Each structure stands twice: as C-alpha cells, then as structure tokens.
Participant: 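To start, I am sharing the structure in question, which I have written as structure tokens.
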Amino acid sequence: MNELSRTERGRTIPWIVLLLFLGSGFCGLVYQVVWTRQLTFVFGVTTYAVSAVLTAFFAGLALGSFFAGKLADRRRTGLALYGWIEIGIGLYALLVPFLLDLLNNVYRFSYQEMGASFTALSLVRFVMSALVLIVPTTLMGATLPVMTRAIVRRIDQAGLGMAGLYALNTFGAVLGVALSGFFLIGEIGLQRTTWVAAAVNGAIGVIALLLARTRMPDPPIAPEVRTEPAPVVVSPRLARLVVLGIGLSGVASIGLEVVWTRILAMYLSSSGATMAARLLGDFSTYAFSAMLCSVLLGIVLGSLWIAPRLDRIRNPVGALALLEILVCATTLLALVVLGLLVPGRGELFILITTFAILLVPNALLGATVPLAGRIHTRNLAGLGRGIGDVYSANVLGGVVGSFVAGFVLIPWLGSQGTLVFLAMTSLVVGVGLVAAGARLPRAAIAATVVPALLLAGTLIARPGLLTRGIFRTLLPHHRIVFNKEEAEGMVTVSARERDGTDYYYLLISGRIQASDEATGLYIHRQLAHIPLLFHPDPDKVLLIGMGGGSTVGAAIQHDTVERIDVVELVPGVWEAARFFWETNFEAWKDPRVHSIFADGRNYLLVTDEKYDLIEADIIPPRHAMATNLYSVDYFELIRSRLTSDGIVCQWFDTSLPSELYKMLVRTFLEVFPNTTLWQGGMFAVAMPEGMEVDETLRARVRERFSEPGLGQALHWAGLPSAEDFLGTYWMSPEQARDYIGPGLVVRDDRPYVEFFRSQVSGSVAPSHTAPGWQ
C-alpha cells in the first residue's frame with residue numbers, strides 16, 4: 001500500500017507527539033529567559049523585582065497544571081486541545097512587546113502615586129507581571145497534564161508516559177536555555193528570539209491539530225479499566241502527604257537553584273581577576289544559563305532513569321522517601337566538593353566542574369516528580385488530575401523557594417547556611433514519609449541519613465567554606481574586616497598592610513569594585529570632577545552607584561552643588577563605605593548627600609526629578625545585566641532627566657577590544673551627538689544642547705582650579721593644574737564620530753557587548769585594543 005493504514009499511523013503518531021512536546025519545553029524556557037530580562041527594563045534588576053516576575057511566571061504554570069488536569073480527564077480530544085494551547089501561547093508571545101510598552105507607563109504612574117513603599121511596589125510588580133504573563137504561563141502549565149492524558153491509554157503504562165513526557169519536555173527546556181542564553185539573544189536579539197519561539201509554538205500547534213484529525217478516535221475507557229487500581233494501593237492520606245512532600249521538594253529545588261546561581265557567579269568573578277581574563281571578558285552573564293542547564297539536564301537524566309521502572313516499583317512511597325534523603329546527602333556533598341576544589345580555578349574548569357557535580361542531586365530530584373505523580377494517580381480516569389495536582393504543587397513550592405531563599409534565608413543564614421537549610425528540607429520530607437508509613441529498610445535509612453547529618457554538621461561547623469577559597473584566591477595576604485550577605489549580593493571589605501599602611505578593597509559578590517589605592521581613586525574622583533568643572537552652576541547631581549564613595553566624596557568638594565542623590569542597588573555598600581572614610585571624606589555625613597536604595601536605571605524611569613549632572617559609577621560593561629547601563633534606551637532615559645544645560649559624564653573601559661569600545665562610544669553618540677572625549681577616551685562628556693571646549697570654558701576651568709579648597713581636591717584626583725587637565729582633551733564631537741565610524745549600537749533588544757561570547761557572525765569580534773589603553 002502507498003499509504004499507511006490508520007492503525008499504522010496511530011502507532012507512529014506518539015513518536016511525533018513526543019518530538020512536539022520537546023519543542024514545547026524549548027519554547028517555555030526561551031520565553032522565561034527573554035521575558036524575565038525584558039521585564040527588568042520596567043521593574044529593575046533588584047532581587048525583589050525579579051522575584052515578583054518569576055513568582056507570577058511560576059504561579060501561572062501551577063494554575064494551568066491544576067485546572068488543566070481536571071479538564072483533560074473530561075475531554076476525549078486531548079491532542080487537539082494541546083494543539084490549540086500551543087497556538088495560543090505563540091500568538092500571545094507576539095503581543096508581549098506591546099503589553100510591555102503599556103506596562104512601562106502604568107508602572108511609572110503607580111510609582112509616582114504610591115512612592116517608594118517596598119510593600120506597595122512589590123505588590124504592584126507582582127500584579128503587573130501577572131497581568132502580562134498569566135495567560136501564556138497558564139497555557140504552558142496545562143501542556144503536561146493535557147498531553148499525558150492524551151497519549152496514555154493504560155494505567156499500567158501511566159508511569160512510563162508521565163516520566164517520559166516530563167523528561168522530554170525538560171530536555172526541550174535545556175535546549176531552550178542553552179540556545180537562548182548562549183546563542184540567540186547575543187546573535188539575533190531578544191525580540192527575534194521571541195519570534196523564533198513563537199514560530200515553533202505555531203508549528204507544534206498546527207501539527208498537533210493535523211495529527212488529531214488523522215488519528216483513529218481514542219478508544220473508550222472500559223469500565224474495568226476506568227476502575228483498575230494502581231499496582232500498589234496507597235492510602236488517600238499518604239497520597240496527600242506525597243503531594244505536600246513534593247511541594248516542599250519544589251521549595252528546596254528552586255531555592256537551591258537561586259543559591260547555586262549566586263555562588264557560581266561569585267566563583268566566576270574570582271576567576272576573572274587576572275588581566276588576561278579582564279581582556280577576554282567574564283562568564284558572569286552566562287552563570288544563570290549554565291546553572292539552569294545543569295539543573296534541567298539533571299532532571300532529564302533522573303526522569304529517563306525512573307521512567308521504565310515506575311510501573312514496576314512495588315514500594316513507590318518508600319522509593320520517594322529514599323530519593324529525597326539522597327537529594328539532601330548529595331547536595332551537601334556537592335557543597336563540600338565545590339568549596340574545597342573549585343574556588344580560584346579557571347572559568348572553564350568552574351563551569352564544567354559545577355555542571356558535573358550538580359547533575360547527581362538534580363537527577364534525583366528529576367525522578368521525584370514522576371514518581372509522586374504515579375503514586376497520586378489511582379486510575380486512568382484520574383490521570384490528568386493526578387499529574388496536574390503533583391506538578392502544580394511542585395511549581396508552587398518553587399515559587400515559595402525562590403522568595404524565601406532570596407529574601408529571608410540568604411540575608412539571615414548566608415549562601416552556605418541557606419544551602420544546608422534547603423538540603424535538610426529534602427531530608428525532612430524523606431524522613432517524614434517514612435514516619436507517615438512509607439516502608440523503608442532500617443539499613444537504607446541509616447546508610448543515607450547518617451552521612452547527610454554528618455555533612456550538615458561539618459558545614460555548620462565551617463560556615464566560611466564556600467567563600468574562603470574565593471577570598472584566598474582574589475585577596476592573598478588580605479584580612480576580611482567586613483562581610484555582609486543580603487538579598488542583592490555579598491558585600492565584603494578586605495584590608496592589606498603595605499609599608500605600614502592599610503589599604504582597603506571593596507568587593508560585591510566576589511568582584512572587586514573599589515579600593516583606596518591611588519590609580520583607582522584618580523579615576524573615580526575624576527568621574528565627578530570633570531563634568532562639575534564644566535558646568536557653570538551645578539545644583540543637583542545624580543550618581544548611580546556608591547562603590548567606595550570616592551566619586552560622591554569628590555562631588556561634595558564643589559560648594560556650588562546643593563544636592564547629591566546617590567542610587568545604590570546593594571544597601572550594605574553604604575555600611576562598607578565607612579571603611580573608606582579617608583578617601584570619601586565621610587560623604588554620608590554631608591547633609592547634601594541623599595541615599596536611594598534602588599536600581600539606578602529604574603529610578604531614572606520612575607522619577608520626575610531633573611538633574612544638572614548624571615553619571616554612573618565604574619561598571620564593566622560585560623558583567624551580567626551591565627548592558628542595561630550602556631544601551632541607547634538607557635542613555636535616552638538620562639537625557640530625559642537632564643536640565644536644559646545639564647551634563648552627562650560616562651566612563652568607558654579603554655581596555656576593551658577596539659570594536660567593542662567603539663560600539664559603546666557609538667551608542668553614547670547616538671543619543672548625545674555633541675560628545676567630547678577626555679583622558680584618552682576614558683571619559684565622555686556631553687550636554688543635550690552641545691558643549692564647546694572654547695576659551696570661555698577653559699577660563700572657567702582655570703578659575704575653578706584657583707579655588708583653594710577645590711584646587712587641593714583636584715590635586716588629590718590626579719589633576720595637579722588646569723593646564724594638565726585641559727591637556728587631556730582627546731577628541732571633539734566631529735573627531736569622535738570620525739574615529740568611531742558607522743556600525744552597530746547597543747540597545748536593550750540587542751545586548752551585543754554583554755553577550756559578546758555568543759557572537760558567531762563576526763559583527764563584534766574582538767581584535768585590537770582601544771587607543772586609550774596602555
């Protein structure tokens with residue numbers, strides 16, 4: 001026959017369906033990565049803002065899974081329903097950019113009406129995120145129970161079907177994270193990455209609808225099948241405890257993901273301390289993607305391992321209890337191994353080692369969800385509800401885990417203490433199931449619980465295991481004088497004695513941000529002095545980033561300045577700045593200085609204040625999320641907050657490869673065409689209406705240098721005289737445009753510089769070093 005018979009087609013369709021479900025997982029994680037990043041442009045990059053977005057995202061998944069499970073059990077056209085769900089996700093994804101534009105204006109209005117109240121803003125962020133994300137995420141959450149109900153026709157194959165689909169969907173998620181995080185965003189941008197995912201959703205939906213039309217009708221469920229019991233009968237009480245346990249397991253798994261990502265970023269920061277690493281850039285942008293790939297791939301392996309065994313396990317609750325206890329023991333073991341072996345190694349070693357070590361506990365976690373789903377599913381008629389209940393409980397637990405880990409546990413216990421606490425949660429689940437009636441041999445309990453408790457005790461007794469190696473690598477011969485871990489990062493101050501003098505260093509999440517050594521002081525102080533020398537009457541100044549405080553300390557030396565607003569993301573930095581009192585002149589005591597704890601870019605979005613000077617602290621552009629402070633969109637926000645004669649001063653890293661340096665300056669020129677370059681291209685200074693380095697400006701500079709107090713402060717900034725400073729004038733606006741030339745610019749949608757390792761087209765391939773670098 002030239003055509004497959006209807007029966008033959010029916011046998012081949014499930015394999016096609018499995019490929020479709022893999023594509024569904026791919027799209028879901030692409031959207032999570034892209035939408036989370038896009039929403040940070042509205043809400044900022046604070047942990048609280050990102051958490052509100054992720055909470056809304058996962059809440060939608062849980063909602064969809066819970067209700068779709070019940071709906072799937074009542075419908076006989078599961079594959080067609082799945083097709084329409086996929087088409088709906090793809091179509092909605094195309095609307096998200098328009099909704100984000102609307103959200104921008106609504107959020108700004110809400111901020112101005114409510115003020116900076118933490119509680120009110122957190123609620124607003126969650127509600128607005130939910131309004132944008134609830135529809136597509138609810139549809140995404142519906143896919144697993146709907147597809148499981150569509151293809152599983154016998155209760156004795158339910159476990160294999162659930163685990164197989166879960167593994168395939170998660171493997172698709174691995175591909176989505178890897179391709180979007182390591183390739184698509186850097187190469188084609190955020191919006192086009194969304195288009196790719198939407199096109200895949202649409203194709204999946206159309207194919208699923210075609211398959212639903214060509215398949216033989218699903219066979220009716222015979223009464224004896226409808227009531228067929230599971231291989232092992234589990235009491236309703238124990239089944240409910242299993243759902244509760246898998247929810248707590250979700251708390252632990254997502255909470256661990258939050259902490260592991262933070263630790264990996266710190267380890268990668270410590271590996272980037274060498275000049276070679278600085279020139280090549282760092283991996284911090286990819287830390288989240290790498291961690292998520294490790295977590296998801298472990299879940300895939302665990303699901304694949306458990307799939308053929310699920311329907312043959314005679315003691316499923318005991319098996320689940322054992323898996324949870326092993327999750328605790330292997331997580332704690334991974335923590336010990338990482339703390340002893342990984343800090344201070346090269347970036348590639350850190351990524352590979354972390355990836356490998358974390359596969360085992362995540363593989364065990366990957367086996368728990370299908371196993372819990374099989375336990376909770378008592379017959380075929382309740383298959384959709386069973387998997388929906390378990391999956392929604394696990395996802396809701398993840399929402400709680402993300403919130404509690406970032407906002408409560410890390411500030412309270414630190415990263416290492418949080419890891420131990422969350423790992424012990426899995427131990428509590430396992431032991432709790434045993435206490436509730438799960439049968440498990442005493443030897444198995446002793447062989448797993450005792451090592452877990454010993455590891456936990458060791459880690460509690462050595463609280464600095466995870467960070468000691470970082471500090472030893474980054475700061476040999478230093479002593480730690482201040483260390484505070486909070487939601488937005490770890491703030492550390494170290495001291496090193498040299499020639500009888502203590503020099504201090506500020507680190508944020510393992511990355512050196514400031515010191516009181518002369519070279520760094522000169523740059524930070526000149527960042528304030530240069531534009532303030534040019535402005536005839538500066539009144540209000542906005543500094544984005546506190547650092548060691550030397551920039552704000554330089555700004556207060558100018559008596560004409562009446563107010564200085566300092567926006568800082570990490571509150572602990574203000575405490576750390578007190579160790580630099582000699583170089584920042586105790587700026588926090590100056591009544592003109594006002595602290596604002598927020599994301600700097602987000603503050604520019606929501607405020608109505610106008611400033612005579614706006615500048616950002618020295619932030620390397622290739623750090624994670626740093627593109628937010630180097631894009632055309634960001635510079636346009638600055639322009640909108642400048643007075644008519646306001647000045648913007650921007651630091652540029654002249655050690656970058658020439659193409660990247662030129663791209664950043666070109667981006668600045670796109671918004672401020674009347675830009676002058678100083679100090680070999682390190683500082684760009686511009687006014688919206690233009691600034692000419694003429695004799696009038698030169699005379700003003702000479703006059704300012706003659707002021708007794710200010711003249712001394714300028715000398716401390718490495719500017720001994722007016723003529724020395726004016727001699728650092730590098731390029732006029734015309735010369736800068738000729739030197740930079742035409743080419744790419746950085747936009748929120750095209751974060752070229754941050755994702756420089758993703759470039760394969762050669763558009764920003766590094767070659768020569770910028771002229772200002774010596």
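We use all heavy atoms of the structure for the numbers below, so side chains are in, but hydrogens, waters and symmetry mates are not. For clarity, every value in this text was computed on a predicted model and none was experimentally measured.
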Participant: Under the side chain to side chain contact (heavy atoms under 4.5 Å, CB included) rule, what do Trp260 and Val295 come out as? Steps first, then yes or no, please.
Facilitator: CA-CA 10 Å; Trp260 285 128; Val295 170; 5.8 Å; no
Participant: Side-chain contact test, heavy atoms from C-beta onward, threshold under 4.5 Å: evaluate it for Val434 versus Arg439 and give yes or no.
Facilitator: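 In short, these two side chains do not touch, never coming nearer than 4.5 Å.
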Participant: Is there a side-chain contact between Trp35 and Val53, using heavy atoms and a 4.5 Å cut-off?
Facilitator: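 No, their side chains stay 4.5 Å or more apart.
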Participant: Can Ile85 and Val146 be said to form a side chain to side chain contact (heavy atoms under 4.5 Å, CB included), step by step?
Facilitator: CA-CA 10 Å; Ile85 288 173; Val146 167; 4.2 Å; yes
Participant: Are Leu22 and Leu175 close enough, and set up right, to give a side chain to side chain contact (heavy atoms under 4.5 Å, CB included), and what steps lead you there?
Facilitator: CA-CA 9 Å; Leu22 183 145; Leu175 297 178; 3.9 Å; yes
Participant: Going by the side chain to side chain donor-acceptor pair (under 3.5 Å) test, which pairs reach into residues 19-29, not counting sequence neighbours?
Facilitator: Ser24-Glu86
Participant: Strictly by side chain to side chain donor-acceptor pair (under 3.5 Å), give each pair with a member in residues 415-428 just once, sequence neighbours left out.
Facilitator: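 Applying side chain to side chain donor-acceptor pair (under 3.5 Å) to every pair that reaches into residues 415-428, excluding sequence neighbours, yields Ser415-Glu485.
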Participant: Go through Val200 and Val30 one step at a time and tell me if the side chain to side chain contact (heavy atoms under 4.5 Å, CB included) criterion holds.
Facilitator: CA-CA 11 Å; Val200 173; Val30 169; over 6 Å; no
Participant: Which residue pairs pass the side chain to side chain donor-acceptor pair (under 3.5 Å) test with at least one member in residues 236-256, sequence neighbours excluded?
Facilitator: Ser249-Glu324
Participant: Ignoring hydrogens and angles, write down the donor-acceptor pairs under 3.5 Å from the side chains of residues 298-310, residues two or more places apart or on other chains.
Facilitator:
residue: Ser303; atom: OG; partner: Ile299; partner atom: O; Å: 2.8
residue: Ser303; atom: OG; partner: Gly366; partner atom: O; Å: 3.0
residue: Arg309; atom: NH1; partner: Trp305; partner atom: O; Å: 2.4

Participant: Just so I know, are the side chains of Leu133 and Leu39 near enough to count as touching, which here means a heavy-atom distance under 4.5 Å?
Facilitator: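 A side-chain contact exists here, since the closest heavy-atom pair is under 4.5 Å.
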Participant: Got a second to check how far Met140's CE is from Leu63's CG, nearest 0.5 Å?
Facilitator: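 These two atoms lie 13.5 Å from each other.
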Participant: Can you name the ring pair (Phe, Tyr, Trp, His ring centres under 6.0 Å) partners of Phe58, sequence neighbours left out?
Facilitator: none
Participant: For residues Leu256 and Leu422, report the shortest heavy-atom separation together with the two atoms involved.
Facilitator: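 The pair with the smallest heavy-atom distance is N-CD1, 3.5 Å.
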Participant: Could you list the donor-acceptor pairs under 3.5 angstrom formed between side-chain atoms of residues 392-408 and any protein atom two or more places apart in sequence or on another chain?
Facilitator:
residue: Ser392; atom: OG; partner: Gly388; partner atom: O; Å: 2.8
residue: Ser392; atom: OG; partner: Asp389; partner atom: O; Å: 3.0
residue: Asn394; atom: ND2; partner: Ile246; partner atom: O; Å: 3.0

